[in-house]
Amino acid sequence: MLDLLPDLFDHYPSKLTLLPLQFRPYGGKRLFWGEVVTVKCFEDNSKVKEILAQPGHGKVLVVDGGASPRRALLGDLIAQSALDNGWQGVIVNGYVRDVARLSTFNLGVYALGAMPIKTEKLNQGQINVPIEIGGVNVKPGMMIYVDENGVAISEELLNFAFLN
């Protein structure tokens with residue numbers, strides 16, 4: 001299965017909402033899904049680092065970085081921590097760095113673009129708060145489904161049995 005979202009939208013058109021931003025794939029895993037955990041931060045990835053250092057089996061971190069192109073909110077070291085802690089992936093409404101290295105990780109990473117400059121660590125930001133990405137409300141505990149066709153959210157875990 002390489003394309004999940006087209007089948008999900010065909011089968012569950014009223015249960016999915018597409019995030020309308022143009023996310024680009026950076027991680028080695030291009031198709032993934034999981035329970036949403038959120039971080040809201042601006043040009044400071046302290047909370048991203050903090051949450052990805054915790055167990056994340058079956059979870060996807062959704063980061064609202066305000067789409068700022070001035071600092072990268074995820075790089076190879078924090079992504080390695082996410083991988084080590086079992087996270088499915090990270091969606092960044094913002095930018096990432098170390099993109100050649102990220103592409104070698106079996107971790108889903110989608111972001112708006114690449115930027116080589118890291119953030120300052122000021123311990124600012126919020127964990128597990130409702131966020132808005134591209135005009136769509138994203139809440140902790142929702143489900144997120146990601147492939148190269150896009151990023152979609154749902155209030156509930158969707159059954160894939162119809163794909164067999």
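Every heavy atom of this structure was used, including side-chain atoms; hydrogens, water molecules and symmetry mates were not. Since this is a predicted model, take the numbers as computed values, not measurements.
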Non-hydrogen side-chain atoms of [X] and [Y] separated by less than 4.5 Å:
X	Y	answer
Val63	Cys41	yes
Phe9	Leu18	yes
Glu35	Ile144	no
Pro130	Thr38	no
Leu52	Asn85	no
Val136	Ile153	yes
Val146	Ile91	yes
Ile51	Val37	yes

When hydrophobic residues are tied together by side-chain contacts of less than 4.5 Å, even through go-betweens, does [X] share a cluster with [Y]?
X	Y	result
Val138	Trp33	no
Met142	Val151	yes
Leu112	Tyr26	no
Val90	Ile131	no
Tyr110	Leu83	no

In Å and rounded to the nearest 0.5 Å, what is the [atom1] to [atom2] distance from [X] to [Y]?
X	Y	atom1	atom2	result
Leu73	Met115	CG	CE	10.5 Å
Glu50	Asn45	CD	CG	11.5 Å
Met143	Leu16	CE	CG	11.0 Å
Lys59	Gln54	NZ	CD	8.5 Å
Asn149	Leu8	CG	CG	10.5 Å
Asp44	Asn123	CG	CG	7.0 Å

Legend entry - Lys47 side chain to Gln124 side chain, donor-acceptor N/O pair below 3.5 angstrom: no
Any idea which heavy atoms bring [X] and [Y] closest together, and the distance?
X	Y	result
Ser68	Phe42	CB-CE1, 3.6 Å
Ala111	Gly94	CB-O, 3.5 Å
Asp147	Leu4	OD2-N, 2.6 Å
Ala152	Leu5	CB-CD2, 3.9 Å
Val129	Lys40	CG2-CB, 4.1 Å
Ala100	Ser103	O-OG, 2.7 Å

Inset, instruction - For the pair Leu74 and Arg97, evaluate side chain to side chain contact (heavy atoms under 4.5 Å, CB included) and give the outcome as yes or no after the intermediate values. - result: CA-CA 6 Å; Leu74 181 74; Arg97 66 190 222 150; over 6 Å; no
Inset, instruction - Would you indicate whether Lys118, at its atom NZ, is surrounded by more than 12 heavy atoms from other residues, nucleotides or ligands within a distance under 6.0 Å? - result: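 No, NZ of Lys118 has 12 or fewer neighbouring heavy atoms, counting only those of other groups under 6.0 Å.
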Inset, instruction - Test side chain to side chain donor-acceptor pair (under 3.5 Å) on Asp76 and Gln80 and set out the steps. - result: CA-CA 6 Å; Asp76 62 341; Gln80 182 66 58; over 6 Å; no
Inset, instruction - Indicate yes or no: does Arg71 engage Glu120 in a salt bridge with an N to O separation below 4.0 Å. - result: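 No salt bridge links Arg71 with Glu120.
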Inset, instruction - Look at Glu156 together with Lys15 and state whether they make a salt bridge at an N to O cut-off of under 4.0 Å. - result: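 Yes, charged N to carboxylate O under 4.0 Å.
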Inset, instruction - Assess whether side chain to side chain donor-acceptor pair (under 3.5 Å) is satisfied between Glu43 and Thr119, documenting all intermediate values. - result: CA-CA 6 Å; Glu43 297 183 1; Thr119 71; over 6 Å; no
Inset, instruction - Before giving the answer on side chain to side chain contact (heavy atoms under 4.5 Å, CB included), spell out for Val96 and Val109 the whole-Å C-alpha distance, their side-chain angles and the decisive distance to 0.1 Å. - result: CA-CA 9 Å; Val96 297; Val109 178; 4.2 Å; yes
Inset, instruction - Test side chain to side chain contact (heavy atoms under 4.5 Å, CB included) on Asn159 and Tyr12 and set out the steps. - result: CA-CA 10 Å; Asn159 187 331; Tyr12 298 109; 3.5 Å; yes
Inset, instruction - Hey, can you tell me if Phe162 and His11 have their rings parallel, tilted or perpendicular (30° and 60° cut-offs)? - result: parallel
Legend entry - Near-ring test Phe32/Trp87, centroid separation under 6.0 angstrom: no
